[in-house]
Participant: 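My structure is below; once you've seen it, I'll send some questions.
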Amino acid sequence: MSDLKSALGEAVGAAFASAGLPAELGRVTPSDRPDLADFQCNGALAAAKAAKRNPREIAQAVAEALKGDSRFASFEIAGPVFINLKIAEGALSARANEIAADPRLGAGRVAAPRRVMVDYGGPNVAKPMHVGHLRASIIGESVKRTYRFRGDQVWGDAHFGDWGFQMGLLITALADAGRIGPFLAEGDGPFPADSPVTLADLDRIYPEASAKAKADETFRDRARKATAELQAGRPGYRALWKHFIAVSRASLEPDFASIGVSFDLWKGESDVDPLIPGMIAELEAKHLLVDDQGARIVRVARNDDKRDLPPLLVVSSEGSAMYGTTDLATILDRRREYDPDLIIYAVDQRQADHFEVVVRAAYLVGYAQEGGLEHIGFGTMNGPDGKPFKTREGGVLKLGDLIAMTKAKAAERLHEAGLGAELSEADFGETARKVAVAALKFADLSNHRSTSYIFDLDRFSSFEGKTGPYLLYQAVRVKSLLRKAADEGVEAGKIVIVEPAERDLALLLDSFDSALAEAYDKKAPNFIADHAYRLAQAFSKFYAACPILIAQPPVRASRLALAEATLKQLELALDLLGIETPERM
Ligand code: ARG
């Protein structure tokens, strides 16, 4: 089963071939002038150039060859170059029925499924999440779902930041505060089974320690030493570190869950620590590792680079593994455990150089095939000052706080719009959460990921305009219509496309597969977001122009089926964006 664009493209291609021209030139695209045509083919000009023939003649020959095909209602040669195609109602109705009966709502699968790892979210022990993590979570989740839906075998990994300098900072600060006496003992323990710190402690201590390390060199050196000792396996530090991890993870997981983000793997940077000695030996054996002022690095810069790239720092002068060390070892680990064809890193664009360096090093050492590692960067979510969003107090964002704030706003909006009044308190809360998640995620995903945008809760949470809440509202409206139809015993039937608004809606349903393919190829969920929005708008117009429940039975059954298919496709598109639709509002 294929969409109309492909099916018609094939027919037009065959017509090109029958006129002695290359079939690929018969490709059709949705019309630039939907008022005049449904699809267009622009290949006549290229064909004319190549064959040194008149483009109009070619277009005429192609149109002639297509005459017997009942799927076309009309062809028109526009200007010297375009063939404008209007699809016949019968063919459009057939396609609409096919989509309505398809559990995948007209969406195809990739021809050759791959094994894909999506590295996203990227939370850290003790460090609060910032907007980069929020975007990484939202974009990565959608890319993961889209890849899985299109047929790849996909794993999403949080790549928990649990091995870096922040650990040494915490240990040193807590030691100075006299909080971790028993863990400072040398030797094998045993050490206390209860955490000496809560998350609130970590939240407070980490930024203080981080600021102190910038100002106080002695403190910084002690923190570096503590990091190296932890990594070298000092038992008391390891026991303490496990508490940090458990405490951080226990608070992060429910926050992620509340915005519909869930990881298949929650591996930490530390998990690849055992692989590092072997990796270093391999880098040495391949003559890739060089000594540089007490550190050990891999040079990846090339003569034709447009910007200066630093080397990959593998071992610091204190002997610690760095961010890039664990990233490289993680590629090795993933190859051994999952053998992915592709690893996608959904990480802030500000880390583009880091990934360029890691990726080059991985290709050099042979841990991945050229093209098998891809960083998909994104811009920032900014505050009104145009700089990365901060809390009113100037601090970094805590995911939990952002969700609470957005949920309160969603509740206010629901009240304002007179929605949700019949819901129980618990259902209302759950609906407000879904509206909040839709507001946050849709605002993010409706832009191409490379654009930065300003966090504007008033606009994001509005039920009007190109927003998540508008889409949920439209979906809920269809749900209530379908419930009413069920109550009245009205059943959906065969779809027959007649009215212009029905045509538009059916054509849009048909274009779902193209939108998904584009989102997949470009790793850009905004194509799905756009589709969802256009679908909701087309439904709205259809609903205004084509009464459903009061129509005559066959028309009523057809329109009801169209509404049902629209709802299912809309919910599926939203699900691929990571947005849940409530039953009622
Ligand atoms: N934890 C990192 C940070 O906060 C992000 C991790 C991204 N993934 C990776 N493989 N480096 O910046």
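The basis for the numbers below is simple: all heavy atoms, side chains too, and nothing from hydrogens, waters or symmetry mates.
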Participant: Any side-chain to backbone donor/acceptor pair from Thr431 onto Asp427? Under 3.5 Å, distance only.
Facilitator: yes
Participant: Is Glu356 close to His375 at the side-chain level, that is, under 4.5 Å between some pair of heavy atoms?
Facilitator: no
Participant: Would a distance-only check, ignoring hydrogens and angles, find a side-chain to backbone donor-acceptor pair under 3.5 Å from Asp264 to Trp155?
Facilitator: no
Participant: What I want to check is whether the side chains of Glu141 and Tyr120 have a donor and an acceptor closer together than 3.5 Å.
Facilitator: yes
Participant: Going by heavy atoms in the side chains, are Glu337 and Lys267 under 4.5 Å from each other?
Facilitator: yes
Participant: Taking Asp401 for its side chain and Lys398 for its backbone only, find out whether a donor-acceptor pair lies under 3.5 Å.
Facilitator: no
Participant: Give the C-alpha distance, both sets of side-chain angles, the deciding distance and a yes or no for side-chain contact (heavy atoms from CB on, under 4.5 Å) between Asp348 and His133.
Facilitator: CA-CA 8 Å; Asp348 207 313; His133 297 106; over 6 Å; no
Participant: Determine whether the side chains of Gln351 and Tyr323 contain a donor N or O and an acceptor N or O closer than 3.5 Å.
Facilitator: yes
Participant: With a 3.5 Å distance limit and no angle check, can you tell me whether Arg299 reaches the backbone of Pro311 through a side-chain donor-acceptor pair?
Facilitator: no
Participant: Are any side-chain N or O atoms of Arg449 and backbone N or O atoms of Ala346, one a donor and one an acceptor, separated by less than 3.5 Å?
Facilitator: no
Participant: Are the aromatic ring centres of Phe527 and Tyr520 under 6.0 angstrom apart?
Facilitator: no
Participant: Is it true that, when you exclude Gln369 itself, more than 12 heavy atoms of the residues, nucleotides or ligands shown sit nearer than 6.0 Å to its CD?
Facilitator: no
Participant: How far apart are the C-alpha atoms of Val110 and Tyr147, what are their side-chain angles, what is the distance that settles it, and do they pass the side-chain contact (heavy atoms from CB on, under 4.5 Å) test?
Facilitator: CA-CA 9 Å; Val110 289; Tyr147 270 62; over 6 Å; no
Participant: Taking the side chain as everything from C-beta on, heavy atoms only, tell me whether Thr380 gets closer than 4.5 Å to Arg350.
Facilitator: yes
Participant: Return yes if some donor-acceptor pair links the side-chain N/O of Arg360 with the main-chain N/O of Val300 below 3.5 Å, else return no.
Facilitator: yes
Participant: Measuring from Leu199:CG to Arg204:CZ, what's the distance to the nearest 0.5 Å?
Facilitator: 11.5 Å
Participant: Does a sphere of radius 6.0 Å around NZ in Lys242 hold more than 12 heavy atoms from other residues, nucleotides or ligands, not counting ones at 6.0 Å or beyond?
Facilitator: no
Participant: Would a distance-only check, ignoring hydrogens and angles, find a side-chain to backbone donor-acceptor pair under 3.5 Å from Ser248 to Val125?
Facilitator: no
Participant: Quick one, Val298 and Val314 - any side-chain contact, counting heavy atoms below 4.5 Å?
Facilitator: yes
Participant: Decide if atom CD of Glu416 counts as having more than 12 heavy atoms of other residues, nucleotides or ligands within a radius under 6.0 Å.
Facilitator: yes
Participant: Checking side chain to side chain donor-acceptor pair (under 3.5 Å) for the pair Glu464/Tyr473: CA distance, chi angles, key distance, verdict?
Facilitator: CA-CA 9 Å; Glu464 276 158 33; Tyr473 177 71; over 6 Å; no
Participant: Checking side-chain polar atoms at under 3.5 Å, does His243 have a donor or acceptor matched by the opposite partner on Asp194?
Facilitator: no
Participant: Would His159 and Asp327 count as a side-chain contact (heavy atoms from CB on, under 4.5 Å) if you check the C-alpha gap in whole Å, the side-chain angles of each, and the deciding distance to 0.1 Å?
Facilitator: CA-CA 9 Å; His159 197 70; Asp327 256 330; 3.5 Å; yes
Participant: From Leu570 CG over to Tyr533 OH, what is the distance, rounded to the nearest 0.5 angstrom?
Facilitator: 12.5 Å
Participant: Judged by atom type as modelled, is there a donor-acceptor pair below 3.5 Å linking the side chain of Lys441 to the main-chain atoms of Ser142?
Facilitator: no
Participant: Can you confirm whether or not the ring centre of Phe355 sits under 6.0 Å from the ring centre of Tyr345?
Facilitator: yes
Participant: Check this for me: does any side-chain nitrogen of one of Arg307 and Asp353 sit under 4.0 Å from a carboxylate oxygen of the other?
Facilitator: yes
Participant: When you check the gap from the basic side-chain N to the acidic O, do Arg584 and Glu422 get nearer than 4.0 Å?
Facilitator: no
Participant: Is the backbone N or O of Ala524 less than 3.5 Å from a side-chain atom of His448, with the two atoms forming a donor-acceptor pair by type?
Facilitator: no
Participant: Answer yes or no: is there an ion pair linking Arg334 with Asp339, defined by an N-O contact shorter than 4.0 Å?
Facilitator: no
Participant: Step by step, work out the ring pair (Phe, Tyr, Trp, His ring centres under 6.0 Å) result for Phe389 and Phe455.
Facilitator: CA-CA 7 Å; Phe389 182 80; Phe455 180 71; 4.6 Å; yes
Participant: Taking all atoms of both residues into account, what is the closest heavy-atom pair of Ile528 and Ala573, and its distance?
Facilitator: CG2-O, 3.6 Å
Participant: Tell me whether Glu318 is salt-bridged to Lys225, with the criterion being a basic N under 4.0 Å from an acidic carboxylate O.
Facilitator: no
Participant: Taking the side chain as everything from C-beta on, heavy atoms only, tell me whether Tyr453 gets closer than 4.5 Å to Asp444.
Facilitator: yes
Participant: I'd like to know if Arg302 and Asp304 make a salt bridge, using a cut-off of under 4.0 Å between side-chain N and carboxylate O.
Facilitator: no
Participant: Got Leu174 and Pro196 here, is their nearest side-chain heavy-atom distance under 4.5 Å?
Facilitator: no
Participant: Please tell me if the side chains of His415 and Glu412 come closer than 4.5 Å, counting only heavy atoms from C-beta onward.
Facilitator: no
Participant: Verify the distance criterion only: is there a donor paired with an acceptor across the side chains of Asp255 and Ser258 at less than 3.5 Å?
Facilitator: no
Participant: Hey, could you give me the OG1/CD distance between Thr325 and Glu269, rounded to the nearest 0.5 Å?
Facilitator: 9.5 Å
Participant: Rounded to the nearest 0.5 Å, how far does OG of Ser210 lie from CZ of Arg220?
Facilitator: 11.0 Å
Participant: Are Arg296 and Asp291 close enough for a salt bridge, meaning some N to O gap below 4.0 Å?
Facilitator: yes
Participant: Any side-chain heavy-atom pair from Leu230 and Leu240 closer than 4.5 angstrom?
Facilitator: no
Participant: Looking only at heavy atoms, what is the nearest atom pair of Leu471 and Phe442, with distance?
Facilitator: CD1-CE1, 3.3 Å
Participant: Can you tell me if Arg114 uses its side chain to pair, donor with acceptor, with the backbone of Leu342 under 3.5 Å?
Facilitator: no
Participant: Any Lys/Arg nitrogen of Asp152 or Arg115 sitting under 4.0 Å from an Asp/Glu carboxylate oxygen of the other?
Facilitator: no
Participant: Between Ser270 and Asp162, do the side chains contain a donor N or O and an acceptor N or O under 3.5 Å apart?
Facilitator: yes
Participant: What distance do Gln474 atom CD and Leu574 atom CG have between them, rounded to the nearest 0.5 Å?
Facilitator: 11.5 Å
Participant: Just checking Phe263 against Trp266, ring centres under 6.0 Å apart?
Facilitator: yes
Participant: List the atom of Leu313, the atom of Ser316, and the distance in Å for their closest heavy-atom pair.
Facilitator: CD1-CA, 4.4 Å
Participant: Roughly how far apart are Glu253 CD and Phe256 CZ, rounded to 0.5 Å?
Facilitator: 9.0 Å
Participant: How about CG on Asp308, more than 12 heavy atoms from neighbouring residues, nucleotides or ligands closer than 6.0 Å, or not?
Facilitator: no
Participant: Quick one about Arg222 and Thr172 (side-chain donor to acceptor, distance below 3.5 Å, no hydrogens or angles considered), yes or no?
Facilitator: no
